[in-house]
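To find a chain, count down the sequence lines: A is the first, B the second, and so on, and within it residues start at 1.
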Number of protein chains: 2
Amino acid sequence: MSGQYRDYPKHLIRKLPRYYRYLNEQKQFGKEYISSNELASLMGISPSQVRQDFNRFLYNGYHGVGYNVSAILEQITELLDLKTKKNTIIIGAGNLGQSLSNYDELKNCGFEIKAFFDINPRLAGAVINGIKVCDMEWLEEYIKAENIVAAILALPTEGTSEIARKISEYGVTMFLNFNPVFFEFERDVFIENVHIDDNLMMLSYKGAHKGAGERDDEE
Amino acid sequence: MSGQYRDYPKHLIRKLPRYYRYLNEQKQFGKEYISSNELASLMGISPSQVRQDFNRFLYNGYHGVGYNVSAILEQITELLDLKTKKNTIIIGAGNLGQSLSNYDELKNCGFEIKAFFDINPRLAGAVINGIKVCDMEWLEEYIKAENIVAAILALPTEGTSEIARKISEYGVTMFLNFNPVFFEFERDVFIENVHIDDNLMMLSYKGAHKGAGERDDEE
DNA sequence: TAGATTGTTAATCGATTAACAATC
DNA sequence: TAGATTGTTAATCGATTAACAATC
């Protein structure tokens, strides 16, 4: 948002959520300043790496003291645009959709759930976790009227890609997708796929190779 | 499983699930052989990279023809140990737990859900998606008797780390965790954390920087 | 054989580490 | 000031790309 961004290497951006998590944890513990050494050893990376990364685009280090935890968190928040409110709908009011609707991180990242939509017309009118369920029929109208910019795709695989396309035409540009589906859009539409299958495969691998792996740096 | 593994760089292992997804998709389409060029362009990486990776540890390329899709998939399956059956329980029979219980990839990766466990004793005895819900009281006995090796932590954040520790003492070595919790174990215990918050943050970033990013290579 | 595509070596690029002078 | 830790440059390491000879 504010001002122009230098173009940060995608590579560094990808690391930000991890930094965010650890710094946030430290903040909860009441830590105000943290040294590259401390943070690095918590995260299982090298102090050099922390300093390089922070220096490249986060500027709150103090010689002899460390980095200001809150200030860095602020900067990451700004960079990832987490403060901007993003009106969001969940497509699919089943178990997955419901469990996501009270997932705290949504709010922390600025995604505000405005409504469920479900193919089952009988659900229309219901209220789940304080969020109303709407009939698919109202998708277009609702998206436009309520300025919906993001959608969480929590419906069965089959319908997913068709509905995503439709929704994107109504103006939604951000998608969080839980289905193993491949789509591509021409315009400025962004998809994040949650690949639980990747996690499962890695877990299977790790389990089969006990002892083989040293420390894992993916926390 | 079979034979001894060379120690594959973690780096390459991490890429396998992605290769798996794309190759599997091609297999569904009936594709028998695929060239490094085709696969690379599907995945948004370079043909060189595909050849390097495959050559390092997957050996089913044919000069002038391409790679045998099924054979490569087999090898990845073997490497990640996806065929080995892993008796699994889900802790938490709420929305998340329920939605996971019929997640197809579980079976594909060898994780077989044997039971739910829930802190709410009133759920004990219920059957969800054909899987019974047990009282926490039976955890130890059940894990030992049924040779449970994996657990999916789908309960509220608070209880997670305590229960994980307990379960690991009963012999479970693989954890799929959905909560933003940090743990460490001394022994050969492996955790995969599903970081939906990372996905949300990246989505927020992408949405805020339209046009800035070229092609994204994380599908 | 001609055409295609791999396997593999060498060259490039980028990220991580090491080291230390600058500074609070 | 002495101690600590950053900021930053240079050295290392590793991954990606380019190129082409080997081969089906």
Side-chain angles (χ1 to χ4, degrees), chain A residues 6-19 22-23 26 31-76 213-219, chain B residues 6-19 22-23 26 31-76 213-219:
Chain A
R6 299 161 36 186
D7 52 331
Y8 300 103
K10 173 85 79 1
H11 174 252
L12 287 180
I13 296 293
R14 277 265 154 61
K15 289 169 150 181
L16 292 182
R18 258 195 108 217
Y19 280 127
Y22 280 88
L23 288 166
Q26 291 307 303
K31 192 131 184 122
E32 287 183 48
Y33 289 87
I34 192 165
S35 70
S36 52
N37 245 291
E38 288 174 282
L39 183 55
S41 84
L42 284 170
M43 295 179 66
I45 60 179
S46 78
S48 268
Q49 200 173 145
V50 171
R51 290 207 292 280
Q52 289 276 15
D53 286 347
F54 280 20
N55 243 87
R56 193 111 71 218
F57 59 133
L58 304 166
Y59 316 95
N60 284 281
Y62 298 95
H63 283 263
V65 180
Y67 297 87
N68 183 313
V69 175
S70 297
I72 299 259
L73 281 167
E74 283 279 311
Q75 283 193 67
I76 298 181
E214 314 82 66
R215 205 203 184 290
D216 189 0
D217 39 44
E218 255 288 338
E219 166 75 11
Chain B
R6 300 163 36 189
D7 52 333
Y8 301 103
K10 174 89 76 2
H11 173 251
L12 286 181
I13 296 294
R14 278 264 155 61
K15 289 168 150 184
L16 291 183
R18 257 194 108 217
Y19 280 126
Y22 281 87
L23 288 167
Q26 291 307 304
K31 192 131 184 120
E32 285 185 49
Y33 289 87
I34 193 167
S35 71
S36 52
N37 245 291
E38 288 174 282
L39 183 55
S41 84
L42 284 171
M43 295 179 67
I45 62 179
S46 77
S48 268
Q49 201 173 144
V50 171
R51 290 206 293 277
Q52 289 276 13
D53 286 347
F54 280 20
N55 243 88
R56 193 112 72 218
F57 59 134
L58 304 166
Y59 317 96
N60 283 281
Y62 297 94
H63 280 87
V65 181
Y67 296 89
N68 183 312
V69 175
S70 297
I72 298 257
L73 281 167
E74 283 279 311
Q75 281 192 66
I76 298 181
E214 315 81 67
R215 209 207 182 286
D216 189 1
D217 40 42
E218 256 290 334
E219 164 78 7

Using the side chain to side chain donor-acceptor pair (under 3.5 Å) criterion, which residues pair with A:Gln49? Sequence neighbours excluded.
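By the side chain to side chain donor-acceptor pair (under 3.5 Å) rule, A:Gln49 matches A:Lys15.
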Any pair with a residue in residues 61-70 of chain A that passes salt bridge (charged side-chain N to carboxylate O under 4.0 Å, His left out), sequence neighbours left out, goes on the list, sorted by first then second residue, please.
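Not a single pair qualifies under salt bridge (charged side-chain N to carboxylate O under 4.0 Å, His left out).
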Provide, to the nearest angstrom, the distance between the [atom1] atom belonging to [X] and the [atom2] atom belonging to [N].
{"X": "A:Gln49", "N": "D:dG14", "atom1": "CD", "atom2": "P", "value": "14 Å"}
{"X": "B:Lys10", "N": "D:dC13", "atom1": "NZ", "atom2": "P", "value": "20 Å"}
{"X": "B:Asp53", "N": "D:dT17", "atom1": "CG", "atom2": "P", "value": "10 Å"}
{"X": "B:Ile13", "N": "D:dA15", "atom1": "CD1", "atom2": "P", "value": "13 Å"}
{"X": "B:His11", "N": "C:dT16", "atom1": "NE2", "atom2": "C1'", "value": "13 Å"}

Excluding sequence neighbours, so at least two apart, what forms ring-ring contact (aromatic ring centres under 6.0 Å, His included) with B:Tyr19?
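Only B:Phe54 meet the ring-ring contact (aromatic ring centres under 6.0 Å, His included) criterion with B:Tyr19.
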Between A:Arg18 (side chain only) and A:Met43 (backbone N and O only), is there a donor and an acceptor less than 3.5 Å apart?
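Flag set: sc A:Arg18 to bb A:Met43 pair under 3.5 Å.
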Heavy-atom pair of closest approach, residues A:Ser46 and A:Ala40:
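Where A:Ser46 meets A:Ala40 most closely, the heavy atoms are C-CB, 3.6 Å.
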Review item, nucleotides 4-8 of chain C N/O atoms under 3.5 Å of protein N/O:
from, atom 1, to, atom 2, distance (Å)
C:dT5, O4', B:Gly64, N, 3.2
C:dT5, O2, B:Gly64, N, 3.4
C:dT6, OP1, B:Ser36, N, 2.7
C:dT6, OP2, B:Ser36, OG, 2.6
C:dT6, O2, B:His63, NE2, 3.0
C:dG7, OP1, B:Gly61, O, 3.4
C:dG7, OP2, B:Asn55, OD1, 2.8
C:dG7, OP2, B:Tyr67, OH, 3.0
C:dG7, O5', B:Asn55, OD1, 3.2
C:dG7, N7, B:Arg51, NE, 3.3
C:dG7, O6, B:Arg51, NE, 3.2
C:dG7, O6, B:Arg51, NH2, 3.1
C:dT8, OP2, B:Asn55, ND2, 3.1

Is any side-chain N or O of A:Lys15 closer than 4.0 Å to OP1 or OP2 of C:dT16?
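So the side-chain polar atoms of A:Lys15 do come within 4.0 Å of the phosphate oxygens OP1 or OP2 of C:dT16, strictly under.
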A correct dot-bracket answer for DNA chain C, with pairs being Watson-Crick or G-U at under 3.5 Å, [ ] for crossing pairs and | for inter-strand pairs, is ..||||||||||||||||||||||
When rounded to the nearest 0.5 angstrom, what distance separates CD1 in B:Ile45 from CG in B:Leu39?
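Output value for this atom pair is 6.5 Å.
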What's the separation between atom CD1 in B:Ile34 and atom CG in B:Leu23, rounded to the nearest 0.5 Å?
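With rounding to 0.5 Å, CD1 (B:Ile34) is 6.5 Å from CG (B:Leu23).
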Side-chain donor/acceptor pairs under 3.5 Å, residues 62-74 of chain B, sequence neighbours excluded:
from, atom 1, to, atom 2, distance (Å)
B:Asn68, OD1, B:Ser70, N, 3.1
B:Asn68, OD1, B:Ala71, N, 2.9

